[in-house]
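Everything on this sheet refers to the single structure shown next.
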Number of protein chains: 2
Amino acid sequence: MKLQLQIKMNEALFIRNPESSELGKKILKHSVQLIYKSGFETFTFKKLAEDIGTTEAGIYRYFENKHKLLIYLTAWYWGWLEFQISFHTNNIKKPTEKLKRIIKLLATAVEDDEKTSYLNESLLHQIIISEGSKAYLTKQVEEDNKKHFFKPYKDLCAAIGIIISECSPKYKYPKSLASTIIEMAHFQNFFMNNLPSLTDFGNKKEESEIIDFLNDLVFTSLKKI
Amino acid sequence: MKLQLQIKMNEALFIRNPESSELGKKILKHSVQLIYKSGFETFTFKKLAEDIGTTEAGIYRYFENKHKLLIYLTAWYWGWLEFQISFHTNNIKKPTEKLKRIIKLLATAVEDDEKTSYLNESLLHQIIISEGSKAYLTKQVEEDNKKHFFKPYKDLCAAIGIIISECSPKYKYPKSLASTIIEMAHFQNFFMNNLPSLTDFGNKKEESEIIDFLNDLVFTSLKKI
DNA sequence: TATTAAATGATAGCATTACTATCATATATA
DNA sequence: TATATATGATAGTAATGCTATCATTTAATA
């Protein structure tokens with residue numbers, strides 16, 4: 001039996017549900033590949049259509065524009081990651097141990113998950129690193145936020161914040177520390193690979209170093225109390 | 001006597017030096033206003049030209065494209081900020097005190113500096129918060145980096161890293177901590193104002209809270225050693 | 001002051017992007 | 001077999017992202 005992990009997506013993110021048809025799934029799959037390969041700025045629906053072997057109009061039946069598609073992909077990723085986290089920290093009692101595993105999951109290149117054949121999580125992880133923040137760094141944040149487009153991200157952040165508070169009930173900035181961990185897990189990775197002098201990981205370029213850094217950052221903050 | 005602060009800019013960032021002419025200065029001034037007002041995505045050279053009262057072709061004589069202009073503005077800001085920092089931490093002996101002042105400078109909305117009439121630092125600070133990371137989150141990072149476009153940012157980061165090491169010579173991640181401080185000074189600000197549930201500052205929405213958070217984050221990391 | 005160079009203005013044009021609309025055809029479902 | 005539904009094919013339009021040309025103004029310099 002093959003398990004199918006279905007992530008419930010916000011319906012306002014798409015015009016037609018891409019998970020409901022073959023073309024829709026192709027759109028998701030190929031958009032991840034294309035954005036990964038050439039970046040979000042040069043990515044167009046025309047190129048995507050050519051890549052798939054359909055027409056531009058075909059894509060527009062699913063997504064209003066490429067920004068919505070990016071939000072969709074990031075939202076999907078955060079939803080998927082929260083599932084991964086709850087799966088991998090299940091049965092673990094110690095909140096500090098939970099937090100450590102979360103940091104590891106955030107900072108580790110994921111391997112492609114067979115359960116979702118149309119979305120390559122490994123490439124998606126790279127997209128989150130390079131393009132993820134562009135989903136919300138816009139003038140429409142407020143509007144998009146009202147439509148709950150960032151709920152998966154906020155949920156994940158809230159969940160991590162709660163675990164931080166379990167580790168250290170008196171710590172004053174659980175939510176900010178949570179968003180810092182998430183963002184830095186990705187930014188330090190981007191810096192390590194592209195602007196290495198902004199990090200201390202330029203020589204080995206290993207994710208384990210980012211994990212060590214984040215653990216140090218988090219647990220000294222929490223231990224002192 | 002009015003002091004003129006001149007920041008030496010990388011010549012590969014522009015076609016014609018915008019600081020060398022009236023139109024050039026107008027381009028800088030109005031681009032900051034326009035990007036601040038409607039965001040980088042919807043910003044075009046056509047709109048900028050109309051705003052200034054010149055033509056599109058006129059703008060293209062100064063900047064190759066809007067991405068170069070964004071890099072120019074961010075580079076200028078980092079250069080300006082490093083000057084502010086060296087100015088405000090001058091004569092201070094204690095590295096911890098230096099670091100505190102730096103954090104404050106990073107996280108505080110600046111007031112417009114009369115010395116540079118064509119660039120509004122206050123708006124520029126807001127642009128850095130919302131658009132700054134888009135300067136390097138592209139597929140051309142490597143290429144742009146080779147041309148030293150990010151030198152001011154890297155210099156600032158390096159300078160902060162050195163002070164961190166002075167505070168705590170054995171601390172293992174001075175550069176990553178420095179880039180974390182810089183990025184988080186801005187991201188926590190953006191979150192506070194746009195996605196407040198990602199922070200612990202949603203009620204008061206005051207910069208002082210971000211400063212407190214960063215101080216806590218940094219000095220617990222450094223103290224324990 | 002005349003001469004020349006540099007900067008700007010005005011206009012045109014072209015390929016790509018970002019869509020929207022329409023009609024035909026294939027495919028599933030009732 | 002009728003009928004939705006999804007896709008394909010094609011067209012078209014406004015805006016974007018440029019490049020090129022020539023005229024005119026302004027500034028430098030001889």
Side-chain angles (χ1 to χ4, degrees), chain A residues 9 11-31 34-35 37-73 118 131 134-135 138-140 143-144, chain B residues 9 11-31 34-35 37-73 118 131 134-135 138-140 143-144:
Chain A
M9 297 299 294
E11 306 226 329
L13 277 173
F14 49 76
I15 295 165
R16 186 175 298 172
N17 190 342
E19 287 180 297
S20 73
S21 74
E22 281 315 305
L23 179 59
K25 285 173 191 170
K26 272 191 200 162
I27 290 173
L28 297 179
K29 187 190 179 87
H30 287 79
S31 66
L34 266 187
I35 295 172
K37 204 173 132 211
S38 355
F40 186 65
E41 276 70 36
T42 60
F43 170 78
T44 68
F45 277 3
K46 182 119 189 266
K47 290 176 190 164
L48 176 58
E50 277 160 15
D51 199 52
I52 293 174
T54 182
T55 58
E56 231 184 324
I59 316 285
Y60 278 105
R61 289 192 185 109
Y62 284 85
F63 289 99
E64 202 184 321
N65 53 49
K66 70 173 187 171
H67 187 242
K68 285 264 166 64
L69 174 54
L70 179 66
I71 298 181
Y72 181 97
L73 293 174
Y118 52 93
E131 324 286 355
K134 293 170 194 169
T138 70
K139 279 287 162 186
Q140 324 104 277
E143 200 184 324
D144 288 349
Chain B
M9 297 298 294
E11 306 225 329
L13 277 173
F14 48 76
I15 295 165
R16 185 175 298 173
N17 190 341
E19 288 181 296
S20 72
S21 74
E22 281 315 305
L23 179 58
K25 286 173 191 169
K26 272 191 200 161
I27 289 172
L28 296 179
K29 187 189 178 87
H30 288 77
S31 66
L34 266 186
I35 295 172
K37 203 173 132 208
S38 356
F40 186 65
E41 275 71 36
T42 60
F43 169 79
T44 68
F45 277 3
K46 181 119 188 267
K47 290 176 191 166
L48 176 59
E50 278 159 16
D51 199 51
I52 293 174
T54 182
T55 58
E56 229 184 326
I59 316 284
Y60 278 105
R61 288 190 186 110
Y62 285 84
F63 289 99
E64 202 185 319
N65 53 50
K66 71 173 187 170
H67 187 243
K68 286 264 166 64
L69 174 54
L70 178 66
I71 298 181
Y72 182 97
L73 294 175
Y118 52 94
E131 324 286 355
K134 293 171 193 169
T138 70
K139 279 286 163 188
Q140 324 104 278
E143 201 184 324
D144 289 348

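All values derive from a computational prediction rather than experimental measurement. Naming: A, B, ... by sequence-line order, numbering from 1 per chain.
- Nucleic acid contact class of A:Phe63 (heavy atoms, under 4.0 Å, all strands): none.
- If you measure from atom CD1 of A:Ile59 to atom P of C:dT20, you get 14 Å, rounded to the nearest angstrom.
- Remark: P of D:dA20 and CD1 of B:Ile15 are 11 Å apart, rounded to the nearest angstrom.
- In this structure, A:Lys134 forms no cation-pi arrangement with A:Phe40, as its terminal cationic atom is not both closer than 6.0 Å to the ring centre and no more than 45° off the ring axis.
- Separating the CD atom of A:Glu64 from the P atom of C:dT17 is a distance of 20 Å, rounded to the nearest angstrom.
- The nearest whole Å value for the distance from the OH atom in B:Tyr60 to the C1' atom in C:dC14 is 13 Å.
- Following rounding to the nearest Å, A:Arg61 (CZ) and C:dT22 (C1') show an atom-to-atom distance of 10 Å.
- Distance, B:Lys25 NZ to C:dT8 P: 11 Å, rounded to whole Å.
- Using a 4.0 Å heavy-atom distance criterion, A:Glu41 is classed as making no nucleic acid contact.
- Looking at A:Lys47, its side chain does come within 3.5 Å of a backbone N or O of A:Thr42 through a donor-acceptor pair.
- In this structure, the side chain of B:Lys68 does not engage the main chain of B:Ile15 through any donor-acceptor pair within 3.5 Å.
- Here B:Thr55 does not reach the OP1 or OP2 of C:dA10: none of its side-chain N or O atoms lies under 4.0 Å away.
- Here the P atom of nucleotide D:dA6 and the CD1 atom of A:Ile52 are 17 Å apart, to the nearest Å.
- For D:dT7, one of the phosphate oxygens OP1 or OP2 lies less than 4.0 angstrom from a side-chain nitrogen or oxygen of A:Arg16.
- When each of B:Ala57 and B:Ser20 is assigned the nucleotide of DNA chain C bearing its nearest heavy atom, the one mapping closer to the 5' terminus is B:Ser20.
- Partner of B:Tyr118 under the side-chain hydrogen bond (donor to acceptor under 3.5 Å, both in side chains) criterion, out of B:Lys25, B:His30, B:Lys29, B:Glu19: B:Glu19 alone.
- Contact annotation: A:Tyr62 does not reach the phosphate of D:dA6 (side-chain N/O to OP1 or OP2, under 4.0 Å).
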Fill in: Derivation and outcome, side chain to side chain donor-acceptor pair (under 3.5 Å), residues B:Ser31 and B:Tyr72
CA-CA 11 Å; B:Ser31 66; B:Tyr72 182 97; over 6 Å; no

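- Among the protein residues, A:Glu56 comes within range of the nucleic acid bases, having at least one heavy atom under 4.0 Å from a base atom.
- Between the CG atom of B:Asn65 and the P atom of D:dG17 there is a distance of 9 Å, given to the nearest Å.
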